[in-house]
Asks: 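Input: one structure, supplied below.
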Amino acid sequence: MIKRSTLALAAMLGALPVPAWAQAGLPDRADSGDTAALLAAAALVLLAGLSGIALQHCGRLRPGNRMSVLLQSLSITAVVTLVWTVAGYTIAFGDVSGGWIGAGNAWMLIHLSDLRPGTAVPESAFVLFQLAVATIAPVLMTGAWAERARFGWVMLFSALWTAMVAAPLAHWIWGGGWLARSLGALDWAGGLGLFLPAGISALVVALMMGRRLDPSPASLADPAVQANALSLTGSGLVWIGGIALCAGWAFSAGDAAAAAAINGHIAMAASVVSWIGLARLSASKDGLAEPGPAVLAGLAAVATGAGFVSPGGAMLTGVVGALAAWYGKRLLVRLAIDDTNAVFATAGLAAIAGSLLCALFQSVDFGGTGYAGGQTMIGQIAAQAIAIGVITIWSAVVSAIAALMASILFPMRVSEPAERAGLDASSHGIARSV
């Protein structure tokens, strides 16, 4: 006799939406090489966030606060994954309607097609890659509020930010929305859709949260942090993941992916060399000499144009990205803005510079792919500039709203005794640190 619990379980499963893999009986029209390349890229992008950015951040923090950033990064990845599954993907890449948000045809990832339109890969593989990309920005922002943010607030803010900021922007830029379709703004791998909103939102949260009780650079409190092995190891993983990020956006295992990958690699290399040169010329002794942030700056700068510019254009973009991040970090110090790991400078400012340079180096005169639809260099620069302004305003305003909404349930900051003791003291007991 069948138990009641078994019948209940069967009824519950029958009520669930039909998932993507219910189409297993359909003929497989996907290209196996393209699919394998995209799945590998998704895994490496996740590695860049889960391990790379997390280690890069925690390696530049004081002892007593590093475990908290690793815990936040892992937990954010889990939270963003669920948000993206339930609603984020359909907001970003659902059927195009008015150009502002996608239709609800793919909530809970139902009704996924066997091929993503315009590609030769299954939509499930496309979803996985986009999900991996979506986790990068919230993990990146942990560097702005490190050493003082409350765990519960971080989780709720990351969920709200993904649904309210990241997903709509992804639709505007990559999902057939108005920024790309009507304005003609370009973004290959996230300069506008990933690194710029992360940098702007990090700045807004840092201002709202206020300065740490002791905002002095970590290198002054712990000299070993200046060339910390954790930070440099994390930067290496970001470098590898950055190459995968640029290549993955081709959604194929062909020339476009290879060109974008080598452009990303060259830009990050140029950024690191430029950063080392700047440190040497300035005889920096305040922690700026550690070249880890240059990897992120080079990636943020080249992400917009990785698939549109030549290797020479990518190299110059990496140099400018390093300059923007270097002087941006100094500007934050002068303005007494406590963005702990200078996320605004290394991601936001570098992305702005790279997004504008994309319009310049896209010209065939500089070895780029050329402008589409009769567009001119001036017109493309204008489109990129308008997109930067729109994304900046949207990210700043909506991030502030999301931060205030999250603070209704969880205070933004830990208590003063907890901050002085270091957040790692409660990182193993999440219930005490929420």
Asks: Using only atom types and a distance under 3.5 Å, with no angle test, would you say the side chain of Arg60 pairs donor to acceptor with the backbone of Ser231?
Replies: no
Asks: Can you list every pair that meets side-chain hydrogen bond (donor to acceptor under 3.5 Å, both in side chains) and has a residue in residues 133-143, with sequence neighbours left out?
Replies: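 Qualifying pairs: none.
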Asks: Backbone N or O of Ala301 within a donor-acceptor pair of the Thr317 side chain at under 3.5 Å?
Replies: no
Asks: Ignoring hydrogens and angles, tell me if any N or O in the side chain of Ser271 forms a donor-acceptor pair with the backbone of Ala267 under 3.5 Å.
Replies: no
Asks: Using side chain to side chain contact (heavy atoms under 4.5 Å, CB included), reason through Gln384 and Leu186 one step at a time and then give a plain yes or no.
Replies: CA-CA 7 Å; Gln384 298 298 103; Leu186 296 175; 3.9 Å; yes
Asks: Let me confirm one number: the CD-CG distance from Gln56 to Leu140, rounded to the nearest 0.5 Å.
Replies: 8.5 Å
Asks: Begin with the C-alpha distance, continue with both residues' side-chain angles, and end with the deciding distance and a verdict on side-chain hydrogen bond (donor to acceptor under 3.5 Å, both in side chains) for Trp174 and Gln130.
Replies: CA-CA 11 Å; Trp174 300 305; Gln130 297 299 342; over 6 Å; no
Asks: Would you say that Lys329 contacts Phe344 through its side chain, given a criterion of any heavy-atom pair below 4.5 Å between the two side chains?
Replies: no
Asks: I'd like to check Leu115 versus Phe126 (side-chain heavy atoms, cut-off strictly below 4.5 Å). Are they in contact?
Replies: no
Asks: Quick check: closest heavy atoms across Ala350 and Ala300, and the distance to 0.1 Å?
Replies: CB-CB, 4.1 Å
Asks: If I take atom CG from residue Leu237 and atom CD1 from residue Ile53, how far apart are they, to the nearest 0.5 angstrom?
Replies: 10.5 Å
Asks: Are the side chain of Asn263 and the backbone N or O of Val309 linked by a donor-acceptor pair below 3.5 Å?
Replies: yes
Asks: What closest approach, in Å, do Ser235 and Gly292 show between heavy atoms, and which atom pair accounts for it?
Replies: OG-CA, 3.1 Å
Asks: For Phe361, check ring pair (Phe, Tyr, Trp, His ring centres under 6.0 Å) against everything at least two apart and list the hits.
Replies: Phe366
Asks: Would you mind reporting whether Ile91 and Pro168 have side-chain heavy atoms less than 4.5 Å apart?
Replies: yes
Asks: Considering all heavy atoms of both residues, which atom of Gly191 and which atom of Thr304 are nearest to each other, and what is their separation?
Replies: CA-OG1, 3.1 Å
Asks: My understanding is that only residues two or more places apart in sequence, or in another chain, count here; which of them pass side chain to side chain donor-acceptor pair (under 3.5 Å) with Gln362?
Replies: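 For Gln362 there are no side chain to side chain donor-acceptor pair (under 3.5 Å) partners, ignoring immediate neighbours.
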Asks: Minimum heavy-atom separation for Ser124 to Leu112, with atom names?
Replies: CA-CD1, 4.3 Å
Asks: Is any side-chain heavy atom of Leu38 less than 4.5 Å from a side-chain heavy atom of Asp34?
Replies: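 A side-chain contact under 4.5 Å is absent here.
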Asks: Give me the atom names and distance for the closest heavy-atom approach of Glu123 to His111.
Replies: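 Reported closest heavy-atom pair: OE1-O, 4.5 Å.
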Asks: Looking at residues at least two apart in the chain, or sitting in another chain, which of them share a ring pair (Phe, Tyr, Trp, His ring centres under 6.0 Å) with Phe308?
Replies: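 Phe308: ring pair (Phe, Tyr, Trp, His ring centres under 6.0 Å) contacts with Trp188.
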Asks: Should the pair Phe157 and Trp153 be assigned to parallel (<30°), tilted (30 to 60°) or perpendicular (>60°) ring geometry?
Replies: parallel
Asks: For residues 331-353, which residue pairs pass the side-chain hydrogen bond (donor to acceptor under 3.5 Å, both in side chains) check, not counting sequence neighbours?
Replies: His57-Asn341, Arg148-Thr340, Arg212-Asp338
Asks: List for me each residue that meets side chain to side chain contact (heavy atoms under 4.5 Å, CB included) alongside Ala43, sequence neighbours excluded, and say none if there are none.
Replies: none
Asks: Do Arg116 and Phe93 come close enough that some side-chain heavy atom pair is under 4.5 Å?
Replies: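 Yes. Closest side-chain heavy atoms under 4.5 Å.
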Asks: Would you mind writing out the side-chain donor-acceptor pairs for residues 389-397 within the sub-3.5 Å range, not counting sequence neighbours?
Replies:
from, atom 1, to, atom 2, distance (Å)
Thr392, OG1, Ile388, O, 2.7
Trp394, NE1, Met164, O, 3.4
Ser395, OG, Ile391, O, 2.7

Asks: By salt bridge (charged side-chain N to carboxylate O under 4.0 Å, His left out), which residues pair with Arg420, not counting sequence neighbours?
Replies: Glu416
Asks: Just by distance, do the side chain of Asp95 and the backbone of Ala103 share a donor-acceptor pair under 3.5 Å?
Replies: no
Asks: Can you label the angle between the Trp326 ring and the Trp275 ring as parallel, tilted or perpendicular, going by 30° and 60°?
Replies: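 The rings of Trp326 and Trp275 stand perpendicular, inter-plane angle above 60°.
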Asks: In chain order, what residues pass the ring pair (Phe, Tyr, Trp, His ring centres under 6.0 Å) check against His171, with sequence neighbours excluded?
Replies: none
Asks: When rounded to the nearest 0.5 angstrom, what distance separates CE in Met108 from OG1 in Thr85?
Replies: 7.5 Å
Asks: Once rounded to the nearest 0.5 Å, what's the spacing between atom CG of Leu192 and atom CD1 of Ile173?
Replies: 5.0 Å
Asks: Just wondering, do Leu299 and Cys246 contact through their side chains at under 4.5 Å, heavy atoms?
Replies: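 Side-chain contact under 4.5 Å: yes.
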Asks: Just wondering, more than 12 heavy atoms not from Leu39 lying within 6.0 Å of its CG?
Replies: yes
Asks: Tell me, which pairs form a side-chain hydrogen bond (donor to acceptor under 3.5 Å, both in side chains) where one or both residues lie in residues 403-415, sequence neighbours left out?
Replies: Arg413-Glu419
Asks: Using every non-hydrogen atom in the two residues, find where Ala48 and Gly241 come nearest and quote the distance to one decimal.
Replies: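 Heavy-atom minimum between the residues: CB-CA, 3.8 Å.
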Asks: Quick one, Ser73 and Thr77 - any side-chain contact, counting heavy atoms below 4.5 Å?
Replies: no
Asks: Would Val83 and Val80 count as a side chain to side chain contact (heavy atoms under 4.5 Å, CB included) if you check the C-alpha gap in whole Å, the side-chain angles of each, and the deciding distance to 0.1 Å?
Replies: CA-CA 5 Å; Val83 172; Val80 171; 5.6 Å; no
Asks: Can you tell me how far OG of Ser274 sits from CG of Leu323, rounded to the nearest 0.5 angstrom?
Replies: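 Here the rounded value is 6.5 Å.
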Asks: Kindly list each side-chain donor-acceptor pair under 3.5 angstrom involving residues 193-208, sequence neighbours excluded, with atom names and distances?
Replies:
from, atom 1, to, atom 2, distance (Å)
Ser201, OG, Trp161, NE1, 2.8
Ser201, OG, Pro197, O, 2.8
Ser201, OG, Ser399, OG, 2.6

Asks: Step by step, work out the side chain to side chain contact (heavy atoms under 4.5 Å, CB included) result for Thr90 and Ile110.
Replies: CA-CA 9 Å; Thr90 198; Ile110 62 175; over 6 Å; no
Asks: So, taking the atom named CD1 in Ile378 and the one named CG in Leu360, what distance separates them when rounded to the nearest 0.5 Å?
Replies: 9.5 Å
Asks: What pairs of residues pass the side-chain hydrogen bond (donor to acceptor under 3.5 Å, both in side chains) test when at least one of them lies in residues 177-187, not counting sequence neighbours?
Replies: none
Asks: Centre of Phe410's six-membered ring, under 6.0 Å away, within 45 degrees of the axis: is that where NZ or CZ of Arg150 sits?
Replies: no
Asks: Side-chain contact, heavy-atom cut-off 4.5 Å: Pro122 with Asp114?
Replies: no
Asks: Going through the distances and angles, do Tyr371 and Thr376 end up as a side chain to side chain contact (heavy atoms under 4.5 Å, CB included)?
Replies: CA-CA 6 Å; Tyr371 303 103; Thr376 64; 5.9 Å; no
Asks: Trp107 vs Tyr89, test: ring-ring contact (aromatic ring centres under 6.0 Å, His included). Steps then yes/no.
Replies: CA-CA 7 Å; Trp107 74 279; Tyr89 178 76; over 10 Å; no
